[in-house]
Amino acid sequence: MAEKNYWGRVAEARVSRRSLMRGAGIGAAGLAGAALIGCGSKKESTPAATPKAAAPVAVTAAPSAKQPKKGGTFRLGFTGTVAGIDPHNSVFGGSGGVPQVYNYLFRREVLRGDLGLKYDLAKSHQVEKDGVTWTFKLRTDAKIAPNDKGVPERMLDSEDVVQSFKRMADKPTSANAYAFFAAWVDKFDAPDKETVRLVTKKPYAWVEENIGDNLKGAIVPKEWLAKPAADLKQWAVGAGPFMLKSIQEGEGIRMVRNPSFYDKERPYLDAYDILNFKDVTTQRTALSSGQIDSYITADPQEAKDLEKATKGLKLVETGSTGYNSFWMRTDVALWKDARVRRAMNMSMNRDEYIQIIGKGLGKHAGPVVPVFGDYALSDAELKKMQPFDAAEAKKLFEAAGVKEVTFTHPTSSTMPDYVNIMVKQLAAIGVTAKPQPLDAAAWVAQYFGSALTASYSLNQSYKTPDSALLWYRTGGVTGSNNYDTKFYTPEIDALIDKAGSTIPEAERKTAYLEAQRAILKSDPAFINVFNTGSNTLYYDKVQNFDAGAGAMSAHMTRNYWIDA
Amino acid sequence: MLNYTIRRVAMAGLILWFVSLVVFTLMRLMPGDPTLLQQGISATPERIAAERAAQGLDDPIPVQYVRWFGGILTLDLGRSALNQASVTSEFKRRFPISFELMAFTLTWTVLFGIPFGVISAVKRNRAPDYVVRLTAILALAIPGFWLATLLLILPQQWWGYAPPLDRARSVFEEPLTNLRQFGPPSLILSFAPMASVMRLTRSALLEVLRTDYIRTARAKGLSDRAVIMNHALKNSIIPVVTVIGLQVAGLLGGSVIIESIFNLNGLGAYIFQAILQKDFAVAQSLVLYTGATVVFLNLAVDLAYGYLDPRIRYA
């Protein structure tokens, strides 16, 4: 019999306010009385591959000493669009659901070196002495979640990994991992059902980070991969800790625990919601009123105010990989002139950006942002290599005969601040800046096709130093010459490749510093402004909360539990 | 009357066809490629090309138009380029939200706008008139988005209260929660139309109250209440109905800002996002829907004149 709605029940006079309250009480008691299942602190295997040093930034919250309870819902919020949940090329809100529904061989992130490598579908892996042959041994109990999409509920095996790799390496698919596969991966295969082999063209230091990246390395059941791309964008079927319950533009993504998940103890949560807000004020109100459990802001003052005003809210300040940049196309006469590019960099008083936009929280950014620690040039060296020198910038502009520069920028919420500061700083040295705002659609389209001559570039964020340096390497950040500055040199290409191929970490760090010095000396056509900070707020009822952004955080959610 | 209606419906069809042409053309004249926006930073030219082909954006413009317009006629509004979801399904999901918001707003508008307009006219140049007029001016002057933001933030700060912000609850499933979600935004949305209706009711009623037949009615000894309710109000309501009709048309298209602030996923937020993302199928269809709403509600208002004023004849 179909369930009656509220009005139906009212019509039958079965519902009184008191009975509703009683029902609610019973529901709450039911939740509170849910079985207490021990965590057991299951020890993860250690990787057999190249040793890694601790990450420069550790953001782990203290693990809960309490006994985990099953049940409850963890709710995150975001502003923007969901834009589908394709496992391999999602970059908008939908990408938050991908790591919960699908599996990865493992997770690893440079910035979460404190967590080490976390195995998922792989139970071990090793790299041969040749430094290029990687072998992954798979677990055999990763069962595909119940679904009504015709995907059999079988165990994932090596063929699923190979088919997923094929999609990542397929140029038209435009996978987030494409640049990695195109530049570094020679071949891959499955010798047997439990083994996957991947061979790189030469030794590469960031294989684990690429495969373990939540935006790149999702392993998808082959039957689901065989469906049209539109299906993969609209729905998700995997063997991850959660199953997709709903995905709606404007509402977000709702997921529930996967009863077939290989770890029978986890996830502790019954459900995981990623709610879609259109306005950040609404999102903040949802946090303050307890409708979402966590919120991230770049504004330190806002974070402190919220923590102070809201009971149970905790604040964790972490580093961030985010930064904005100024992009120039060097087949245009103005920007071809190295003096002009140098003058643009020198006219940039980054401290002013940090004070006004970052509210004092942020650091000067070189090609690799400072959150990567020893991989980034030190603040002192950066100030020498890309100094703020208004007088010298003025001379350079005058020598090049430049009195006016025109650049484009997207109309986003923070961009006007960047633009105003640039206009003011250039005006101070006698150069008139003419910013040309473009709506997001027009801007992305023209930026992608390198149809702009100069532009502010939004929201750069990379998980390895290597990815960030792709802006300065032939092929560009996507490996496909999109967003092309047309400014590449064989020498810098070689230095970036050399750094990526250097396995010993100390030497690799040195190699990355060398590459960056060469980049800055060449008066690059992509100059970074400043590295923003990040402030994560969360309710203390969420146990084992992990404030680290990115792949590792998405892995850690299976440990979350609600201490209600 | 029948001939008039048929002529007006035919004219409405012609107008809507013209609107469809204009909307379709303007969307394509806007700079930017929708497939780029949807594919993200790693998109390859091959991917973009494949996506364009899949969405039929490679076809000649007239072919695209015929395909889209044919779909409209069969109620197939196409698929959103952003997430491949059916626009028809999404429309069905969002329409009730915008409709309910409109219904609440209209209720407040009529419930408060007309009676206070009457009070203001009857008590002309006395304290109640001044209070109502001042309130109306305030309601028109204060931006709705500002009030909405305050209405969301302040109760939260003072009492820790906020309406559920995750998704709109159905009035049939959770009526009280639904009221918490739709009451405040609809009240704010109603302020400006309420003020317009109040001022219009006042001025129209004042004009009617000065006419000879009202003087005659009074001379016959009818009570003030009977004169106003039975004779004056009905004759002064025609311009008010026109304004309300236009308000309904506007509200049925959704309210971008108020829906966004209260996180109600109605048509306003949908069309706004579609335009920003250059999601052709969604933007075109919803703009056409808004146009159709305006055209047909205007027609309905015109037809209502005959009922409200029997002197009006449709030639």
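Nothing here was measured: the structure is a model prediction, and the numbers come from that model. Per chain, numbering begins at 1; letters A, B, ... match sequence-line order.
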Quick one: pull up [atom1] in [X] and [atom2] in [Y] and give me the separation to the nearest 0.5 Å.
{"X": "B/Asn263", "Y": "A/Thr282", "atom1": "CG", "atom2": "OG1", "value": "6.0 Å"}
{"X": "B/Leu152", "Y": "A/Ser289", "atom1": "CG", "atom2": "OG", "value": "8.0 Å"}
{"X": "B/Asn265", "Y": "A/Lys278", "atom1": "CG", "atom2": "NZ", "value": "3.5 Å"}
{"X": "A/Leu287", "Y": "B/Gln156", "atom1": "CG", "atom2": "CD", "value": "8.5 Å"}

Atom [atom1] of residue position [X] - does it have more than 12 heavy atoms of other residues, nucleotides or ligands inside 6.0 Å?
{"X": "B/Tyr161", "atom1": "OH", "value": "yes"}
{"X": "B/Phe99", "atom1": "CZ", "value": "no"}
{"X": "A/Phe526", "atom1": "CZ", "value": "yes"}
{"X": "A/Lys166", "atom1": "NZ", "value": "no"}
{"X": "A/Lys541", "atom1": "NZ", "value": "yes"}

- Among A/Ala286, A/Ser288, A/Gly290, who wins on heavy-atom pairs under 4.5 Å with chain B? A/Ser288
- Under a 4.5 Å heavy-atom cutoff, which of A/Gly476, A/Gly252, A/Gly250 has the most pairs with chain B? A/Gly250
- Closest heavy-atom contact between A/Asp279 and B/Ser260? CB-O, 4.1 Å
- Might you point out which heavy atoms bring B/Arg93 and A/Glu251 nearest each other, and give the distance in Å? NH1-OE2, 3.0 Å
- Task: For residues 159-170 of chain B, pull every pair meeting salt bridge (Lys or Arg N to Asp or Glu O under 4.0 Å), keeping only residues two or more places apart or in separate chains.
- Result: A/Arg254-B/Asp166, B/Asp166-B/Arg169, B/Arg169-B/Glu174
Side chain, backbone, both or neither of [X] within contact of chain B (heavy atoms, under 4.5 Å):
{"X": "A/Asp231", "answer": "neither"}
{"X": "A/Ala309", "answer": "neither"}
{"X": "A/Glu249", "answer": "both"}

- Message: Please rank B/Ile257, B/Ile261, B/Leu165, B/Thr149 by heavy-atom pairs under 4.5 Å with chain A and give me the top one.
- Response: B/Leu165
- Sequence neighbours left out, what passes ring-ring contact (aromatic ring centres under 6.0 Å, His included) with A/Tyr272? Give chain and number order. A/Phe74, A/Phe242
- Message: Under 4.5 Å from any heavy atom of chain A, what part of B/Ala50 do you find: side chain, backbone, both or neither?
- Response: neither
- A/Gln248 backbone acceptor or donor facing B/Glu90 side chain under 3.5 Å: no
